[in-house]
Amino acid sequence: MMENISSSERIGAALAGKAQLRPPYTMVLSLYGAKLIDCPLTDYYRDPECYARGQKAVLSLCAPDIVFTPFAAALEAEAFGSELNFFADYPPNVRKPAVRSADEFLQAAVPDEKSDPNLGYLLESVQCLVRNVGADTPIGAILTTPVDLPAMVMGIDMWIETLVCAPEKAAAVIDKTTTYFVRMANALLAEGAAFICLPTMFANPRILYPKLIDTLIIPALIKAFSHVAGNIVFHHGGNPIVPYLERYLLLPKVAGFVVDHRDSLDEARTILGDKHLLLGNLCGPTLALTPARQIFEQVDVILENRRDDPHFVFTTSAADVPWDTPPELLTAIAQQICASRWGA
Amino acid sequence: MINLSFIACSVLAREVQSFLSLDYPHAEQLYLDSALHIYPQKLSKTIAKALAVRENRNCVLVYGDCSAHIKAMSQRPNCERTAAVNCGELLLGKELYRSYRNEKAFLFLPEWTQRWRQIFQQELGFSKPSLAQEFMQENQRSLVYLDTGLIPVPRQHLQEISEFFNMRTKVVAVTNEHLRQSVQAAVQRLESKNKR
(Lines give C-alpha, C1' and ligand atoms only; values in the text may rest on other atoms or scores of the structure.)
Protein backbone atom coordinates (compact mmCIF):
# COMPACT_ATOMS: atom_id res chain seq x y z
CA MET A 1 0.00 0.00 0.00
CA MET A 2 1.20 3.51 -0.82
CA GLU A 3 1.77 6.08 1.95
CA ASN A 4 3.45 9.43 2.24
CA ILE A 5 2.99 10.17 -1.40
CA SER A 6 2.22 13.39 -3.20
CA SER A 7 -1.21 14.27 -4.48
CA SER A 8 0.01 13.82 -8.04
CA GLU A 9 1.15 10.34 -7.18
CA ARG A 10 -2.11 9.63 -5.40
CA ILE A 11 -4.17 10.65 -8.43
CA GLY A 12 -1.83 8.71 -10.66
CA ALA A 13 -2.37 5.65 -8.48
CA ALA A 14 -6.13 6.07 -8.75
CA LEU A 15 -5.85 6.30 -12.54
CA ALA A 16 -3.78 3.14 -12.57
CA GLY A 17 -6.11 1.39 -10.13
CA LYS A 18 -3.43 0.84 -7.51
CA ALA A 19 -4.63 0.22 -3.96
CA GLN A 20 -4.06 3.05 -1.50
CA LEU A 21 -4.56 3.42 2.22
CA ARG A 22 -7.07 6.19 1.73
CA PRO A 23 -8.85 7.59 -1.32
CA PRO A 24 -7.64 10.73 -3.04
CA TYR A 25 -10.03 13.58 -2.45
CA THR A 26 -10.88 17.09 -3.45
CA MET A 27 -13.73 19.54 -3.02
CA VAL A 28 -15.04 22.27 -5.29
CA LEU A 29 -13.49 25.19 -3.43
CA SER A 30 -12.90 27.53 -6.33
CA LEU A 31 -15.03 30.29 -4.78
CA TYR A 32 -14.05 29.45 -1.21
CA GLY A 33 -10.46 30.51 -1.72
CA ALA A 34 -11.65 34.13 -1.94
CA LYS A 35 -13.25 33.87 1.48
CA LEU A 36 -10.09 32.43 3.01
CA ILE A 37 -7.98 35.37 1.85
CA ASP A 38 -10.76 37.93 2.28
CA CYS A 39 -10.53 38.94 -1.37
CA PRO A 40 -13.38 40.80 -3.11
CA LEU A 41 -14.75 38.67 -5.94
CA THR A 42 -14.35 41.55 -8.38
CA ASP A 43 -10.60 41.06 -7.84
CA TYR A 44 -10.63 37.30 -7.34
CA TYR A 45 -12.24 36.59 -10.71
CA ARG A 46 -10.10 39.13 -12.54
CA ASP A 47 -6.60 38.75 -11.05
CA PRO A 48 -5.05 35.28 -11.45
CA GLU A 49 -2.55 35.94 -8.65
CA CYS A 50 -5.45 36.60 -6.24
CA TYR A 51 -7.08 33.39 -7.37
CA ALA A 52 -3.91 31.37 -6.88
CA ARG A 53 -3.40 32.85 -3.38
CA GLY A 54 -6.93 31.75 -2.57
CA GLN A 55 -6.24 28.21 -3.71
CA LYS A 56 -3.01 28.15 -1.72
CA ALA A 57 -5.14 28.98 1.32
CA VAL A 58 -7.50 26.13 0.35
CA LEU A 59 -4.53 23.77 0.35
CA SER A 60 -3.51 24.95 3.79
CA LEU A 61 -7.06 24.51 5.07
CA CYS A 62 -7.83 20.99 3.86
CA ALA A 63 -5.04 19.74 1.56
CA PRO A 64 -7.13 18.48 -1.36
CA ASP A 65 -5.40 16.25 -3.89
CA ILE A 66 -6.69 18.36 -6.79
CA VAL A 67 -7.11 22.13 -7.05
CA PHE A 68 -9.28 23.74 -9.68
CA THR A 69 -9.07 26.79 -11.88
CA PRO A 70 -11.93 29.28 -11.53
CA PHE A 71 -15.33 27.62 -11.71
CA ALA A 72 -16.89 30.60 -13.47
CA ALA A 73 -18.33 29.78 -16.86
CA ALA A 74 -19.79 33.28 -16.99
CA LEU A 75 -16.29 34.63 -17.64
CA GLU A 76 -16.20 32.70 -20.92
CA ALA A 77 -19.65 34.08 -21.78
CA GLU A 78 -18.32 37.59 -21.11
CA ALA A 79 -15.50 36.93 -23.55
CA PHE A 80 -18.22 36.37 -26.17
CA GLY A 81 -19.93 39.62 -25.19
CA SER A 82 -22.41 38.66 -22.47
CA GLU A 83 -22.76 41.06 -19.54
CA LEU A 84 -22.23 39.79 -16.01
CA ASN A 85 -23.48 40.31 -12.48
CA PHE A 86 -20.82 40.21 -9.77
CA PHE A 87 -21.78 39.26 -6.23
CA ALA A 88 -20.17 39.52 -2.83
CA ASP A 89 -20.25 35.81 -2.07
CA TYR A 90 -21.17 33.94 -5.23
CA PRO A 91 -19.47 33.45 -8.60
CA PRO A 92 -20.50 35.88 -11.35
CA ASN A 93 -23.40 34.96 -13.60
CA VAL A 94 -24.79 36.20 -16.90
CA ARG A 95 -27.04 39.23 -16.60
CA LYS A 96 -27.55 39.84 -20.30
CA PRO A 97 -26.69 37.33 -23.03
CA ALA A 98 -24.49 38.67 -25.82
CA VAL A 99 -26.87 37.69 -28.60
CA ARG A 100 -30.56 36.98 -28.99
CA SER A 101 -30.50 34.26 -31.61
CA ALA A 102 -28.46 31.55 -33.26
CA ASP A 103 -28.18 33.73 -36.38
CA GLU A 104 -26.58 36.51 -34.34
CA PHE A 105 -24.29 33.99 -32.67
CA LEU A 106 -23.11 32.75 -36.05
CA GLN A 107 -22.23 36.33 -37.06
CA ALA A 108 -20.37 37.11 -33.82
CA ALA A 109 -16.59 36.94 -33.49
CA VAL A 110 -14.96 34.16 -31.47
CA PRO A 111 -12.69 35.59 -28.75
CA ASP A 112 -8.98 34.96 -29.07
CA GLU A 113 -7.41 33.42 -25.99
CA LYS A 114 -4.18 35.35 -26.76
CA SER A 115 -5.85 38.74 -26.45
CA ASP A 116 -9.11 38.44 -24.53
CA PRO A 117 -8.64 39.48 -20.88
CA ASN A 118 -11.03 36.88 -19.46
CA LEU A 119 -9.50 34.00 -21.38
CA GLY A 120 -6.09 35.37 -20.44
CA TYR A 121 -7.18 35.33 -16.79
CA LEU A 122 -8.22 31.67 -17.04
CA LEU A 123 -4.93 30.69 -18.68
CA GLU A 124 -2.81 32.72 -16.29
CA SER A 125 -4.66 31.21 -13.35
CA VAL A 126 -3.13 27.88 -14.37
CA GLN A 127 0.33 29.45 -14.54
CA CYS A 128 -0.13 31.06 -11.12
CA LEU A 129 -1.45 27.84 -9.61
CA VAL A 130 1.54 25.93 -10.94
CA ARG A 131 3.84 28.52 -9.32
CA ASN A 132 1.93 28.51 -6.03
CA VAL A 133 1.08 24.84 -5.55
CA GLY A 134 3.99 23.37 -7.45
CA ALA A 135 4.05 20.13 -9.36
CA ASP A 136 2.76 18.06 -6.45
CA THR A 137 -0.91 18.87 -6.79
CA PRO A 138 -2.75 18.29 -10.07
CA ILE A 139 -4.66 21.24 -11.43
CA GLY A 140 -8.10 20.63 -12.91
CA ALA A 141 -8.96 23.31 -15.49
CA ILE A 142 -12.67 23.97 -15.65
CA LEU A 143 -14.04 24.78 -19.08
CA THR A 144 -17.49 25.03 -20.69
CA THR A 145 -18.36 22.44 -23.31
CA PRO A 146 -19.22 23.43 -26.89
CA VAL A 147 -22.83 22.35 -26.28
CA ASP A 148 -23.23 24.38 -23.08
CA LEU A 149 -21.49 27.60 -24.07
CA PRO A 150 -24.27 28.75 -26.46
CA ALA A 151 -26.69 28.77 -23.50
CA MET A 152 -24.45 31.29 -21.73
CA VAL A 153 -24.12 33.46 -24.82
CA MET A 154 -27.70 33.46 -26.15
CA GLY A 155 -29.69 32.43 -23.09
CA ILE A 156 -30.89 28.97 -22.06
CA ASP A 157 -34.40 29.29 -23.53
CA MET A 158 -33.11 30.47 -26.91
CA TRP A 159 -30.52 27.69 -27.01
CA ILE A 160 -33.10 25.01 -26.22
CA GLU A 161 -35.41 26.46 -28.87
CA THR A 162 -32.57 26.39 -31.40
CA LEU A 163 -31.69 22.80 -30.56
CA VAL A 164 -35.28 21.59 -30.78
CA CYS A 165 -36.61 23.69 -33.67
CA ALA A 166 -33.49 24.34 -35.77
CA PRO A 167 -31.01 21.53 -35.14
CA GLU A 168 -29.08 22.28 -38.33
CA LYS A 169 -28.49 25.78 -37.03
CA ALA A 170 -27.59 24.40 -33.61
CA ALA A 171 -25.01 22.17 -35.30
CA ALA A 172 -23.46 25.23 -36.95
CA VAL A 173 -23.36 27.02 -33.60
CA ILE A 174 -21.68 24.00 -32.00
CA ASP A 175 -19.10 23.88 -34.80
CA LYS A 176 -18.18 27.44 -33.89
CA THR A 177 -17.99 26.80 -30.16
CA THR A 178 -15.97 23.63 -30.79
CA THR A 179 -13.24 25.64 -32.52
CA TYR A 180 -13.02 27.87 -29.44
CA PHE A 181 -13.27 24.94 -27.00
CA VAL A 182 -10.43 22.95 -28.55
CA ARG A 183 -8.11 25.98 -28.59
CA MET A 184 -8.87 26.84 -24.97
CA ALA A 185 -8.67 23.26 -23.70
CA ASN A 186 -5.28 22.72 -25.32
CA ALA A 187 -4.03 26.10 -24.13
CA LEU A 188 -5.02 25.24 -20.54
CA LEU A 189 -3.23 21.90 -20.79
CA ALA A 190 -0.18 23.59 -22.28
CA GLU A 191 -0.05 25.98 -19.31
CA GLY A 192 0.15 23.02 -16.94
CA ALA A 193 -3.38 21.80 -16.20
CA ALA A 194 -3.41 18.06 -15.51
CA PHE A 195 -6.86 17.62 -17.01
CA ILE A 196 -9.87 19.52 -18.30
CA CYS A 197 -13.01 19.32 -16.15
CA LEU A 198 -16.26 19.79 -18.07
CA PRO A 199 -19.52 20.51 -16.22
CA THR A 200 -22.07 19.42 -18.82
CA MET A 201 -25.77 20.20 -18.80
CA PHE A 202 -26.87 19.92 -22.40
CA ALA A 203 -26.07 16.25 -22.79
CA ASN A 204 -28.54 15.24 -20.10
CA PRO A 205 -31.95 13.69 -20.85
CA ARG A 206 -33.44 15.81 -18.07
CA ILE A 207 -32.77 18.80 -20.32
CA LEU A 208 -33.03 17.46 -23.90
CA TYR A 209 -34.84 14.44 -25.30
CA PRO A 210 -32.66 11.38 -25.90
CA LYS A 211 -32.87 11.30 -29.68
CA LEU A 212 -31.50 14.82 -29.93
CA ILE A 213 -28.70 13.93 -27.55
CA ASP A 214 -27.84 10.82 -29.54
CA THR A 215 -28.02 12.41 -32.99
CA LEU A 216 -26.57 15.86 -32.33
CA ILE A 217 -24.99 16.31 -28.91
CA ILE A 218 -22.96 13.13 -28.42
CA PRO A 219 -21.49 13.20 -31.96
CA ALA A 220 -20.54 16.85 -31.45
CA LEU A 221 -18.83 16.07 -28.16
CA ILE A 222 -17.05 13.09 -29.67
CA LYS A 223 -15.66 15.36 -32.36
CA ALA A 224 -14.67 18.09 -29.88
CA PHE A 225 -13.09 15.78 -27.30
CA SER A 226 -11.08 13.91 -29.92
CA HIS A 227 -9.03 17.07 -30.52
CA VAL A 228 -8.20 17.68 -26.85
CA ALA A 229 -4.56 16.86 -26.16
CA GLY A 230 -5.04 15.48 -22.66
CA ASN A 231 -7.39 13.93 -20.17
CA ILE A 232 -10.95 15.04 -19.61
CA VAL A 233 -13.11 14.63 -16.53
CA PHE A 234 -16.80 14.74 -17.42
CA HIS A 235 -18.81 16.51 -14.72
CA HIS A 236 -22.52 15.93 -14.18
CA GLY A 237 -23.36 19.62 -14.49
CA GLY A 238 -25.95 19.66 -11.70
CA ASN A 239 -28.06 16.69 -12.83
CA PRO A 240 -27.88 12.96 -12.17
CA ILE A 241 -25.99 11.28 -15.02
CA VAL A 242 -26.10 7.59 -14.23
CA PRO A 243 -29.26 7.06 -16.34
CA TYR A 244 -27.30 8.08 -19.45
CA LEU A 245 -23.79 7.16 -18.38
CA GLU A 246 -23.53 4.31 -20.83
CA ARG A 247 -23.89 6.75 -23.72
CA TYR A 248 -21.14 8.96 -22.34
CA LEU A 249 -18.70 6.05 -22.57
CA LEU A 250 -18.61 6.82 -26.29
CA LEU A 251 -16.79 10.07 -25.53
CA PRO A 252 -13.04 9.87 -26.15
CA LYS A 253 -10.29 11.12 -23.81
CA VAL A 254 -12.54 10.93 -20.74
CA ALA A 255 -10.54 9.61 -17.81
CA GLY A 256 -13.30 9.95 -15.23
CA PHE A 257 -16.82 11.03 -14.39
CA VAL A 258 -18.04 13.22 -11.54
CA VAL A 259 -21.52 12.04 -10.56
CA ASP A 260 -24.35 13.82 -8.80
CA HIS A 261 -25.12 13.28 -5.10
CA ARG A 262 -28.35 11.60 -6.22
CA ASP A 263 -26.54 9.10 -8.44
CA SER A 264 -25.84 5.61 -7.15
CA LEU A 265 -22.09 5.02 -6.95
CA ASP A 266 -22.68 1.29 -7.29
CA GLU A 267 -24.68 1.73 -10.50
CA ALA A 268 -22.12 4.19 -11.83
CA ARG A 269 -19.26 1.75 -11.26
CA THR A 270 -21.18 -1.14 -12.81
CA ILE A 271 -21.67 0.91 -15.97
CA LEU A 272 -18.13 2.30 -16.05
CA GLY A 273 -16.40 -1.00 -15.53
CA ASP A 274 -12.95 -0.88 -14.00
CA LYS A 275 -11.17 1.61 -16.22
CA HIS A 276 -12.61 5.06 -15.55
CA LEU A 277 -12.19 7.20 -12.47
CA LEU A 278 -15.39 7.67 -10.52
CA LEU A 279 -15.58 10.96 -8.61
CA GLY A 280 -18.21 12.09 -6.13
CA ASN A 281 -20.51 12.52 -4.49
CA LEU A 282 -21.10 14.61 -1.38
CA CYS A 283 -23.43 17.48 -2.30
CA GLY A 284 -21.26 20.61 -2.16
CA PRO A 285 -23.81 23.46 -2.40
CA THR A 286 -25.77 22.26 0.66
CA LEU A 287 -22.82 21.87 3.01
CA ALA A 288 -23.52 25.14 4.81
CA LEU A 289 -27.14 24.12 5.48
CA THR A 290 -26.61 20.51 6.57
CA PRO A 291 -25.85 19.58 10.18
CA ALA A 292 -22.24 18.51 10.53
CA ARG A 293 -23.13 15.13 12.02
CA GLN A 294 -25.21 14.32 8.94
CA ILE A 295 -22.36 15.34 6.64
CA PHE A 296 -19.88 13.09 8.46
CA GLU A 297 -22.36 10.20 8.18
CA GLN A 298 -22.69 10.83 4.44
CA VAL A 299 -18.91 10.90 4.06
CA ASP A 300 -18.69 7.60 5.94
CA VAL A 301 -21.31 6.01 3.71
CA ILE A 302 -19.48 7.13 0.58
CA LEU A 303 -16.08 5.96 1.82
CA GLU A 304 -17.47 2.60 2.92
CA ASN A 305 -19.30 2.16 -0.38
CA ARG A 306 -16.10 2.79 -2.36
CA ARG A 307 -13.72 0.94 -0.04
CA ASP A 308 -12.80 -1.60 -2.71
CA ASP A 309 -12.70 0.84 -5.59
CA PRO A 310 -9.11 1.88 -6.35
CA HIS A 311 -10.33 4.14 -9.17
CA PHE A 312 -12.38 6.33 -6.83
CA VAL A 313 -11.74 9.98 -5.96
CA PHE A 314 -13.86 11.55 -3.25
CA THR A 315 -15.18 14.94 -4.23
CA THR A 316 -18.08 17.25 -3.63
CA SER A 317 -20.62 17.19 -6.46
CA ALA A 318 -22.35 20.04 -8.28
CA ALA A 319 -21.19 23.64 -7.96
CA ASP A 320 -19.01 25.51 -5.48
CA VAL A 321 -19.06 24.82 -1.76
CA PRO A 322 -20.87 27.93 -0.48
CA TRP A 323 -19.16 30.96 0.99
CA ASP A 324 -20.75 30.53 4.41
CA THR A 325 -19.59 26.95 4.95
CA PRO A 326 -17.58 26.88 8.19
CA PRO A 327 -13.89 26.29 7.37
CA GLU A 328 -13.56 23.88 10.29
CA LEU A 329 -16.18 21.66 8.62
CA LEU A 330 -14.02 21.37 5.49
CA THR A 331 -10.97 20.58 7.61
CA ALA A 332 -12.96 17.96 9.49
CA ILE A 333 -14.14 16.30 6.25
CA ALA A 334 -10.55 16.17 4.99
CA GLN A 335 -9.37 14.69 8.28
CA GLN A 336 -12.16 12.12 8.19
CA ILE A 337 -11.06 11.00 4.72
CA CYS A 338 -7.39 10.92 5.63
CA ALA A 339 -8.15 8.90 8.74
CA SER A 340 -10.15 6.32 6.80
CA ARG A 341 -8.21 3.16 6.15
CA TRP A 342 -8.89 1.23 2.98
CA GLY A 343 -7.63 -2.29 2.75
CA ALA A 344 -7.35 -2.35 6.54
CA MET B 1 -60.59 33.68 -52.45
CA ILE B 2 -59.97 31.36 -55.35
CA ASN B 3 -57.34 28.65 -55.63
CA LEU B 4 -57.00 28.47 -51.86
CA SER B 5 -55.02 25.67 -50.22
CA PHE B 6 -54.59 24.99 -46.53
CA ILE B 7 -51.45 23.12 -45.53
CA ALA B 8 -51.84 22.06 -41.91
CA CYS B 9 -50.14 19.92 -39.33
CA SER B 10 -52.05 16.67 -38.78
CA VAL B 11 -52.04 17.36 -35.04
CA LEU B 12 -54.91 19.76 -35.74
CA ALA B 13 -56.48 17.86 -38.67
CA ARG B 14 -59.80 17.03 -36.98
CA GLU B 15 -60.07 20.46 -35.48
CA VAL B 16 -59.35 22.28 -38.75
CA GLN B 17 -61.64 19.98 -40.72
CA SER B 18 -64.50 20.73 -38.32
CA PHE B 19 -64.88 24.27 -39.73
CA LEU B 20 -62.80 24.51 -42.90
CA SER B 21 -65.32 22.90 -45.22
CA LEU B 22 -67.97 25.30 -43.91
CA ASP B 23 -65.84 28.43 -44.08
CA TYR B 24 -63.94 27.65 -47.30
CA PRO B 25 -65.88 24.90 -49.08
CA HIS B 26 -63.83 25.04 -52.27
CA ALA B 27 -60.42 25.12 -50.63
CA GLU B 28 -57.90 22.28 -50.85
CA GLN B 29 -56.87 20.73 -47.51
CA LEU B 30 -53.50 19.05 -47.08
CA TYR B 31 -52.40 17.57 -43.74
CA LEU B 32 -48.73 16.80 -43.07
CA ASP B 33 -47.61 14.22 -40.51
CA SER B 34 -47.30 15.78 -37.06
CA ALA B 35 -44.27 13.57 -36.30
CA LEU B 36 -42.33 15.76 -38.75
CA HIS B 37 -42.29 18.28 -35.90
CA ILE B 38 -39.49 16.25 -34.37
CA TYR B 39 -37.42 16.60 -37.54
CA PRO B 40 -37.52 20.32 -38.29
CA GLN B 41 -35.35 20.03 -41.41
CA LYS B 42 -37.64 17.35 -42.84
CA LEU B 43 -40.65 19.46 -41.91
CA SER B 44 -39.19 22.47 -43.71
CA LYS B 45 -38.46 20.41 -46.81
CA THR B 46 -41.92 18.84 -46.81
CA ILE B 47 -43.67 22.18 -46.50
CA ALA B 48 -41.40 23.71 -49.14
CA LYS B 49 -42.22 20.85 -51.50
CA ALA B 50 -45.94 21.25 -50.87
CA LEU B 51 -45.70 24.97 -51.61
CA ALA B 52 -43.55 24.41 -54.69
CA VAL B 53 -46.25 22.33 -56.40
CA ARG B 54 -48.80 25.01 -55.52
CA GLU B 55 -46.98 28.01 -56.92
CA ASN B 56 -50.11 29.30 -58.56
CA ARG B 57 -52.31 28.79 -55.54
CA ASN B 58 -52.96 30.92 -52.46
CA CYS B 59 -51.62 28.95 -49.53
CA VAL B 60 -52.28 29.22 -45.82
CA LEU B 61 -49.95 27.33 -43.51
CA VAL B 62 -51.75 26.23 -40.37
CA TYR B 63 -48.59 25.94 -38.28
CA GLY B 64 -46.77 27.69 -35.47
CA ASP B 65 -43.04 28.54 -35.41
CA CYS B 66 -42.31 24.88 -35.92
CA SER B 67 -39.13 25.14 -37.92
CA ALA B 68 -36.42 27.65 -38.65
CA HIS B 69 -37.56 28.28 -42.25
CA ILE B 70 -41.29 28.48 -41.78
CA LYS B 71 -41.29 32.24 -41.32
CA ALA B 72 -39.42 32.79 -44.58
CA MET B 73 -41.69 30.38 -46.44
CA SER B 74 -44.82 32.13 -45.26
CA GLN B 75 -43.50 35.48 -46.42
CA ARG B 76 -43.77 34.41 -50.09
CA PRO B 77 -46.20 36.50 -52.13
CA ASN B 78 -49.14 34.11 -52.15
CA CYS B 79 -48.61 32.54 -48.76
CA GLU B 80 -49.54 33.29 -45.16
CA ARG B 81 -49.29 31.47 -41.86
CA THR B 82 -51.45 31.38 -38.77
CA ALA B 83 -49.98 33.71 -36.15
CA ALA B 84 -49.05 31.56 -33.16
CA VAL B 85 -45.92 30.00 -31.71
CA ASN B 86 -47.35 26.48 -31.81
CA CYS B 87 -50.49 24.35 -31.94
CA GLY B 88 -51.14 24.90 -28.24
CA GLU B 89 -51.37 28.65 -28.75
CA LEU B 90 -53.48 28.13 -31.89
CA LEU B 91 -56.07 26.28 -29.83
CA LEU B 92 -55.92 28.25 -26.60
CA GLY B 93 -55.14 31.76 -27.77
CA LYS B 94 -52.14 33.75 -26.59
CA GLU B 95 -53.20 34.58 -23.03
CA LEU B 96 -54.38 31.14 -21.96
CA TYR B 97 -51.43 29.46 -23.66
CA ARG B 98 -49.04 31.78 -21.85
CA SER B 99 -50.65 30.98 -18.53
CA TYR B 100 -50.30 27.22 -19.13
CA ARG B 101 -46.72 27.79 -20.18
CA ASN B 102 -45.99 29.78 -17.01
CA GLU B 103 -47.52 26.98 -14.98
CA LYS B 104 -45.21 24.55 -16.83
CA ALA B 105 -48.06 22.43 -18.15
CA PHE B 106 -47.22 20.01 -20.96
CA LEU B 107 -50.10 20.10 -23.40
CA PHE B 108 -51.36 16.93 -25.06
CA LEU B 109 -53.49 17.37 -28.14
CA PRO B 110 -55.85 14.55 -29.17
CA GLU B 111 -53.85 13.34 -32.18
CA TRP B 112 -50.52 13.12 -30.35
CA THR B 113 -52.22 11.51 -27.38
CA GLN B 114 -53.44 8.66 -29.56
CA ARG B 115 -49.92 8.05 -30.86
CA TRP B 116 -48.06 8.96 -27.69
CA ARG B 117 -45.95 5.81 -27.64
CA GLN B 118 -44.68 6.37 -31.17
CA ILE B 119 -43.88 10.00 -30.39
CA PHE B 120 -42.23 9.68 -26.98
CA GLN B 121 -40.72 6.23 -27.07
CA GLN B 122 -39.69 5.90 -30.70
CA GLU B 123 -39.33 9.38 -32.09
CA LEU B 124 -38.02 11.23 -29.03
CA GLY B 125 -36.07 8.24 -27.74
CA PHE B 126 -37.56 7.85 -24.25
CA SER B 127 -37.23 4.10 -24.30
CA LYS B 128 -37.00 3.89 -20.50
CA PRO B 129 -39.82 5.32 -18.35
CA SER B 130 -37.23 6.54 -15.84
CA LEU B 131 -35.66 8.82 -18.47
CA ALA B 132 -39.07 10.08 -19.55
CA GLN B 133 -40.09 10.75 -15.96
CA GLU B 134 -36.93 12.66 -15.16
CA PHE B 135 -37.23 14.75 -18.32
CA MET B 136 -40.91 15.55 -17.85
CA GLN B 137 -40.78 16.11 -14.09
CA GLU B 138 -37.67 18.29 -14.43
CA ASN B 139 -39.27 20.58 -16.99
CA GLN B 140 -43.02 20.44 -16.39
CA ARG B 141 -45.34 20.50 -13.42
CA SER B 142 -48.44 18.98 -14.99
CA LEU B 143 -49.81 17.15 -18.02
CA VAL B 144 -52.92 18.66 -19.58
CA TYR B 145 -55.04 17.02 -22.27
CA LEU B 146 -56.87 19.55 -24.44
CA ASP B 147 -60.28 18.02 -25.17
CA THR B 148 -61.52 19.60 -28.39
CA GLY B 149 -64.72 17.53 -28.21
CA LEU B 150 -64.27 15.82 -31.57
CA ILE B 151 -63.37 12.38 -30.20
CA PRO B 152 -64.18 10.75 -26.86
CA VAL B 153 -61.52 11.58 -24.26
CA PRO B 154 -58.92 8.79 -24.73
CA ARG B 155 -58.90 7.75 -21.07
CA GLN B 156 -56.91 4.58 -21.63
CA HIS B 157 -54.13 6.47 -23.38
CA LEU B 158 -54.15 9.15 -20.69
CA GLN B 159 -53.85 6.47 -18.03
CA GLU B 160 -50.86 4.99 -19.85
CA ILE B 161 -49.31 8.43 -20.19
CA SER B 162 -49.81 9.08 -16.46
CA GLU B 163 -48.11 5.81 -15.59
CA PHE B 164 -45.29 6.36 -18.04
CA PHE B 165 -44.43 9.82 -16.77
CA ASN B 166 -45.60 9.16 -13.21
CA MET B 167 -47.64 12.35 -13.35
CA ARG B 168 -51.38 12.86 -13.27
CA THR B 169 -53.12 14.08 -16.40
CA LYS B 170 -55.81 16.72 -16.31
CA VAL B 171 -58.50 17.04 -18.99
CA VAL B 172 -59.45 20.55 -20.07
CA ALA B 173 -62.27 21.24 -22.55
CA VAL B 174 -61.43 23.76 -25.27
CA THR B 175 -63.33 25.05 -28.30
CA ASN B 176 -61.93 25.48 -31.80
CA GLU B 177 -62.83 29.16 -31.86
CA HIS B 178 -59.31 30.53 -31.46
CA LEU B 179 -58.04 28.20 -34.14
CA ARG B 180 -60.85 29.17 -36.49
CA GLN B 181 -60.23 32.88 -35.93
CA SER B 182 -56.52 32.41 -36.47
CA VAL B 183 -57.14 30.66 -39.79
CA GLN B 184 -59.62 33.35 -40.86
CA ALA B 185 -57.13 36.09 -39.94
CA ALA B 186 -54.43 34.39 -42.01
CA VAL B 187 -56.79 34.25 -45.02
CA GLN B 188 -57.60 37.95 -44.57
CA ARG B 189 -53.90 38.82 -44.46
CA LEU B 190 -53.41 36.80 -47.64
CA GLU B 191 -56.24 38.68 -49.34
CA SER B 192 -54.69 42.02 -48.34
CA LYS B 193 -51.30 40.82 -49.56
CA ASN B 194 -52.80 39.90 -52.93
CA LYS B 195 -54.43 43.31 -53.29
CA ARG B 196 -51.09 45.12 -52.87
Side-chain angles (χ1 to χ4, degrees), chain A residues 100-106 150-151 154 156-173 201-219 236-248 250 259-260 262-264 267-268 271 318, chain B residues 9 34-48 63-73 81 84-89 98 101-102 104 106 112 116-141 164-167:
Chain A
R100 291 169 174 273
S101 69
D103 285 332
E104 278 186 40
F105 189 98
L106 290 170
M154 66 172 80
I156 289 178
D157 284 352
M158 181 51 67
W159 180 225
I160 290 178
E161 190 178 310
T162 305
L163 283 163
V164 171
C165 296
E168 73 281 10
K169 211 168 271 193
V173 167
M201 205 172 117
F202 279 87
N204 196 296
R206 282 190 172 211
I207 307 298
L208 296 176
Y209 55 89
K211 192 156 250 186
L212 190 59
I213 297 173
D214 289 346
T215 56
L216 178 62
I217 301 294
I218 300 269
H236 67 101
N239 290 301
I241 60 168
V242 160
Y244 228 58
L245 194 51
E246 205 174 330
R247 294 286 211 291
Y248 302 146
L250 295 170
V259 301
D260 188 271
R262 293 161 287 186
D263 281 316
S264 157
E267 280 181 44
I271 294 166
Chain B
C9 179
S34 59
L36 285 170
H37 183 79
I38 297 160
Y39 307 100
Q41 283 155 287
K42 242 195 236 178
L43 174 63
S44 292
K45 284 190 180 139
T46 308
I47 294 176
Y63 273 94
D65 292 333
C66 303
S67 82
H69 304 290
I70 208 164
K71 187 178 174 185
M73 285 192 277
R81 180 175 65 92
V85 296
N86 56 32
C87 47
E89 189 180 307
R98 196 173 287 169
R101 190 177 140 153
N102 291 341
K104 292 189 185 275
F106 189 92
W112 260 32
W116 76 271
R117 279 196 196 278
Q118 179 206 343
I119 299 296
F120 284 96
Q121 291 184 314
Q122 291 169 27
E123 303 292 354
L124 293 178
F126 288 111
S127 51
K128 289 189 224 172
S130 56
L131 280 184
Q133 286 167 23
E134 284 177 4
F135 175 83
M136 197 60 89
Q137 291 170 22
E138 179 76 16
N139 297 296
Q140 312 292 337
R141 283 201 209 114
F164 188 73
F165 291 108
N166 197 23
M167 290 169 76

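Note that the structure is predicted; figures quoted are calculated from it, not measured. Within every chain, numbering begins at 1; the chains are lettered A, B, ... in the order of the sequence lines, protein sequences first and strands thereafter.
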query: Out of curiosity, B:Gln41 CD to A:Cys165 SG, how far, rounded to the nearest 0.5 Å?
result: 12.0 Å

Minimum heavy-atom distance B:Leu131-A:Pro210, with the two atoms named: CD1-CG, 4.2 Å

Atom CZ of A:Arg100 with >12 non-hydrogen neighbours under 6.0 angstrom: no

- prompt: Considering all heavy atoms of both residues, which atom of A:Lys211 and which atom of B:Tyr39 are nearest to each other, and what is their separation?
  reply: NZ-OH, 3.3 Å

- prompt: Among A:Ile207, A:Leu212, A:Asn204, which residue forms the greatest number of heavy-atom pairs with chain B at distances under 4.5 Å?
  reply: A:Ile207

message: What I'd like to find out is whether the side chain of A:Pro243 reaches to under 4.5 Å of the side chain of B:Lys128, using heavy atoms alone.
response: no

task: Mind ranking A:Lys169, A:Glu168, A:Glu161 by heavy-atom pairs under 4.5 Å with chain B and telling me who comes out on top?
output: A:Glu168

message: Please classify the contact of A:Ile213 with chain B as side chain, backbone, both or neither, using a heavy-atom distance under 4.5 Å.
response: neither

Value rounded to 0.5 Å, distance of OH in A:Tyr209 from CG in B:Asn139: 13.0 Å

query: Does CD1 belonging to A:Ile160 count more than 12 external heavy atoms closer than 6.0 Å?
result: yes

query: Is it the backbone or the side chain of B:Ile38 that comes under 4.5 Å from a heavy atom of chain A, or both, or neither?
result: both

Rounded distance [0.5 Å steps], CZ in A:Arg206 versus CE in B:Met136: 13.5 Å

- request: Sort B:Glu123 into side chain, backbone, both or neither according to what part of it lies under 4.5 angstrom from a heavy atom of chain A.
  value: both

Residue part contacting chain A, namely of B:Phe120, when any heavy atom lies under 4.5 Å: neither

